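Keep in mind it's a predicted model, so treat the numbers as computed, not measured.
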Amino acid sequence: MIDDKEEIRTLDELESFLTLVENGGMGLENVAGIALATNNSNGRPFVAVLDDNHQLLLGRWVTQEVFENGKEIVRVGPKKRH
């Protein structure tokens with residue numbers, strides 16, 4: 001379950017979130033992957049930060065547009081910012 005009320009509304013916000021997770025800015029340990037998924041109970045899309053046992057460490061809601069158009073960003077990772 002995701003208790004966080006924040007929602008990622010743009011692809012730029014998704015990239016920023018991914019960069020933050022990759023750089024350790026969320027204070028999460030044992031991060032093994034990130035995926036886009038949907039909640040089983042209500043179908044609402046979210047980005048999931050997973051550990052090496054595929055357990056949810058952190059989830060953040062995303063809009064349907066981000067879910068549909070952000071799959072490649074999640075798959076290959078955010079653009080490197082200089």
V74 to A35 - nearest heavy-atom pair and separation: CG1-CA, 4.0 Å
Could you pull out the closest heavy-atom pair between F46 and T38, with the gap in Å? CE2-C, 3.6 Å
Would L11 end up clustered with I34 when hydrophobic side chains under 4.5 Å apart are linked, directly or stepwise? yes
Could you check L58 against F17 for side-chain contact (heavy atoms from CB on, under 4.5 Å), going step by step and ending with a plain yes or no? CA-CA 11 Å; L58 176 70; F17 176 78; 3.8 Å; yes
Heavy-atom closest contact (W61 atom, P45 atom, distance): CE3-O, 3.4 Å
L57 reachable from I8 in the ILVMFWY side-chain graph, under 4.5 Å edges: yes
Value for OG1 (T63) from CD (E68), rounded to nearest 0.5 Å, stands at 8.5 Å
Closest non-hydrogen atom pair between M26 and L20, with its separation: SD-CD2, 3.2 Å
Counting only heavy atoms not in Q64 (residues, nucleotides, ligands), do more than 12 fall under 6.0 Å from its CD? yes
Is a donor on one side and an acceptor on the other found under 3.5 Å between the side chain of E15 and the backbone of I73? no
Would you please test V66 and V47 for side-chain contact (heavy atoms from CB on, under 4.5 Å) and show each step? CA-CA 10 Å; V66 169; V47 60; over 6 Å; no
Tell me whether L28 is reachable from L14 by hopping between hydrophobic residues (I, L, V, M, F, W, Y) whose side-chain heavy atoms are closer than 4.5 Å. yes
Less than 3.5 Å apart, any donor N or O on the side chain of T10 or D12 sitting next to an acceptor on the other? no
Check: D51 side chain, N53 main-chain N or O, donor-acceptor pair, under 3.5 Å: yes
Treating N23 as the side-chain partner and G25 as the backbone partner, does any N or O pair qualify as donor plus acceptor under 3.5 Å? no
Which is it for R60 and E13 under the side-chain contact (heavy atoms from CB on, under 4.5 Å) test, yes or no, and what are the steps along the way? CA-CA 11 Å; R60 181 76 45 90; E13 288 177 7; over 6 Å; no
For E22 against G77, the heavy-atom pair lying closest together: OE2-CA, 4.3 Å
